[in-house]
Amino acid sequence: MLKMVATAYVIAALVGIALVVISLRFFLVPEAAAKAFGVPGSASGVDAGAYFSVKAVRDLGTALAIFVLIAVADAHTLGWVFVVMSIIPAGDALIVARRGGHPGLWLGVHGATALVSVAAGVLLLLA
């Protein structure tokens with residue numbers, strides 16, 4: 001049981017680290033980050049920079065919330081948060097799919113991230 005909890009905490013920490021990297025990428029190289037996300041890196045007539053900044057702040061805030069929960073919450077609380085927060089990558093998958101993004105991105109990246117989030121949450125809930 002302890003090994004399962006430790007594994008889930010490691011997964012949670014890795015998700016947090018990945019979100020920090022993604023956030024920094026959207027701040028530093030937004031067009032490349034948007035393309036890797038699965039949406040166009042620019043849009044005519046739209047301030048794409050605002051979108052990139054919103055995405056970066058959302059991911060950074062999510063990462064920091066994960067780190068705080070790892071530090072101060074019990075496994076059960078962190079588990080519920082991970083299950084609930086899986087709506088973010090699931091929503092991202094739908095957004096990319098609706099925009100004609102490649103299935104490898106919306107399903108393979110965002111869909112897989114949603115599944116990992118649910119799996120980590122369930123592991124923590126079972127602890």
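Since the structure is predicted, the reported quantities are computational estimates derived from the model, not experimental observations. Residue numbers count from 1 along this sequence.
- A donor-acceptor pair under 3.5 Å links the side-chain atoms of His110 to the main chain of Phe37, judged by distance alone.
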Name every donor-acceptor pair, under 3.5 Å, that has one atom in a side chain of residues 12-25 and the other anywhere in the protein, sequence neighbours excluded.
from: Ser23; atom 1: OG; to: Ala56; atom 2: O; distance (Å): 2.6

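- The closest donor-acceptor contact from the side chain of Thr62 to the backbone of Arg58 lies under 3.5 Å.
- Between Phe26 and Phe52, the ring-plane angle classifies as tilted under the 30° and 60° cut-offs.
- Within the model, atoms NZ of Lys35 and CG of Leu105 stand 10.0 Å from one another, a figure rounded to the nearest 0.5 Å.
- Tyr9 and Ile11 end up in the same hydrophobic cluster when Ile, Leu, Val, Met, Phe, Trp and Tyr side chains are linked at under 4.5 Å.
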Pairs under 3.5 angstrom only: tabulate donor-acceptor contacts from the side chains of residues 63-89 to other protein residues two or more places apart or in another chain.
from: Asp74; atom 1: OD1; to: His76; atom 2: N; distance (Å): 3.2
from: Asp74; atom 1: OD1; to: Thr77; atom 2: N; distance (Å): 2.7
from: Asp74; atom 1: OD1; to: Thr77; atom 2: OG1; distance (Å): 2.8
from: His76; atom 1: NE2; to: Trp80; atom 2: NE1; distance (Å): 3.1
from: Ser86; atom 1: OG; to: Val83; atom 2: O; distance (Å): 2.6

